[in-house]
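One structure below.
The analysis underlying the following values was restricted to heavy atoms, covering all of them including side chains, and did not include hydrogens, waters or symmetry mates.
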Amino acid sequence: MTKQNTKILLVDDHVLVRAGIRNLIESIDGYSVIAEASNIADAMLKLDTTTPDIVITDIDMGSDNGLDLVSHIKKRQPDIAIVILSMHSSGELVSNALQLGASAYLLKEAAPEELGIALAAVTRMETFLSPAVSTKMINRFVRPSTPDNDPLKSLTQRQIQILTLLAQGASTKEIAYSLDLSDKTVAAHRSQIMERIGVRDLVSLVLFAVKHGLVDVNKP
């Protein structure tokens with residue numbers, strides 16, 4: 001998706017909330033709301049007639065759960081990026097949203113600028129978490145592993161090396177260059193690492209590395 005033509009479907013059960021978010025989105029250059037929906041059924045109907053690049057959805061929508069919408073969209077149109085905009089910040093909810101395929105998780109109390117940062121991140125096919133959410137996720141994942149059930153032991157030394165570099169923010173090309181490997185080899189290792197440790201996105205991979213002491217979260 002390109003910044004000049006990034007189309008958004010906005011899903012929230014409150015009309016005034018949608019109006020406020022729409023105004024904020026349309027004040028950001030390169031983004032426009034092409035449709036709105038108040039519930040899951042309405043959102044799925046909108047997806048039949050529109051082609052958004054991004055869906056922004058709440059979690060609590062009356063009898064509907066926004067996480068169910070994430071699941072429906074990812075099964076049907078996996079290329080659509082999904083941004084959760086919620087009042088809830090529990091680690092379990094955030095983890096579930098990411099595992100289902102959400103690309104960003106923002107709190108409704110966040111500064112307006114955060115929405116622009118999140119949209120830019122998902123447009124680049126990256127993941128974004130509100131700072132308060134990131135802190136809770138790190139606290140949730142940084143726990144001692146039991147020796148008998150440590151997925152880190154399933155990785156080779158080379159894979160641990162690549163995992164550490166990924167968690168430090170290195171790109172595939174940078175890792176390939178520093179380790180004298182091909183891009184394809186690094187990408188293959190990354191896929192195998194994620195499969196072996198049971199994660200499906202970069203954020204969870206980084207949190208795994210933090211939990212196992214491969215990355216120092218206090219290091220500037």
Check the pair D58, K108 against side chain to side chain contact (heavy atoms under 4.5 Å, CB included), reporting the backbone distance first and the verdict last. CA-CA 9 Å; D58 192 6; K108 286 188 172 180; 3.0 Å; yes
If you define the side chain from C-beta out and look only at heavy atoms, does anything of T156 sit under 4.5 Å from R196? yes
Do R158 and L181 come within less than 4.5 Å of each other through their side chains, counting heavy atoms only? yes
Between E114 and S130 the two heavy atoms that sit nearest each other are OE1-OG, 2.8 Å
Shortest non-hydrogen contact between D183 and A176, atoms and distance: OD1-CB, 3.3 Å
May I have all residue pairs that pass side chain to side chain donor-acceptor pair (under 3.5 Å) and include part of residues 66-76, sequence neighbours excluded? D48-R76
Using atom types as modelled and distance alone, determine if a side-chain donor or acceptor of S86 lies under 3.5 Å from a backbone N or O of H88. yes
If you take all heavy atoms of E36 and V33, which pair is closest and at what distance? CG-CG1, 4.1 Å
Please answer: with hydrophobic residues joined when any side-chain heavy atoms are less than 4.5 Å apart, are L85 and V17 in the same cluster? yes
Can you list everything that forms a side chain to side chain contact (heavy atoms under 4.5 Å, CB included) with A209? Sequence neighbours excluded, please. L163, A167, L214, V215
Restricting to non-hydrogen atoms, name the atom on M194 and the atom on D201 that form the minimum distance, rounded to 0.1 Å. CE-N, 3.2 Å
Pairwise distance OH(Y105) to CG(N96) - rounded to 0.5 angstrom: 9.5 Å
For D13 versus D60, what's the shortest heavy-atom pair and its separation? OD1-O, 3.7 Å
Should V133 and L107 count as side-chain neighbours, where that means a heavy-atom distance under 4.5 Å? yes
Are any non-hydrogen side-chain atoms of V122 and V83 less than 4.5 angstrom apart? yes
Would you mind reporting whether D12 and R18 have side-chain heavy atoms less than 4.5 Å apart? yes
Would you please test R190 and L166 for side chain to side chain contact (heavy atoms under 4.5 Å, CB included) and show each step? CA-CA 9 Å; R190 173 174 167 165; L166 285 168; 4.0 Å; yes
Quick one: side chain to side chain contact (heavy atoms under 4.5 Å, CB included) partners of I117, sequence neighbours excluded? F128
With a cut-off of 6.0 Å (strictly less than), are more than 12 heavy atoms of other residues, nucleotides or ligands near CD of Q77? yes
Residue pair S178 / I175: nearest heavy atoms and the distance that separates them: OG-O, 3.1 Å
Taking C-beta and beyond as the side chain, do S103 and I82 meet within less than 4.5 Å on heavy atoms? no
Distance check, rounded to the nearest 0.5 Å: D79 atom CG versus I73 atom CD1? 12.5 Å
Name of the residue among I54, V55, D53, T51 meeting side chain to side chain contact (heavy atoms under 4.5 Å, CB included) with I80: V55
Can you check whether P52 reaches K46 side chain to side chain, under 4.5 Å on heavy atoms? no
Let me confirm one number: the CG-OG1 distance from L179 to T185, rounded to the nearest 0.5 Å. 10.5 Å
Under 4.5 Å between side-chain heavy atoms, hopping through other hydrophobics if needed: is there a path connecting V11 to I34? no
Is L129 close to V203 at the side-chain level, that is, under 4.5 Å between some pair of heavy atoms? yes
What's the separation between atom CZ in F208 and atom CG in L155, rounded to the nearest 0.5 Å? 6.0 Å
Are I84 and M44 linked, directly or through other ILVMFWY residues, by side chains that come within less than 4.5 angstrom of each other? yes
Spacing of NZ belonging to K7 relative to OG belonging to S32, to within rounding of 0.5 Å: 8.0 Å
Audit row: I8, L119, side chain to side chain contact (heavy atoms under 4.5 Å, CB included) steps and yes/no: CA-CA 10 Å; I8 296 173; L119 291 176; 4.0 Å; yes
Side chain to side chain contact (heavy atoms under 4.5 Å, CB included), that's the test. Do L67 and L93 meet it? Break it down for me. CA-CA 9 Å; L67 296 185; L93 269 179; 3.8 Å; yes
For N23, does the CG atom have more than 12 heavy-atom neighbours from other residues, nucleotides or ligands under 6.0 Å away? yes
In Å and rounded to the nearest 0.5 Å, what is the CG to OG1 distance from L9 to T50? 5.5 Å
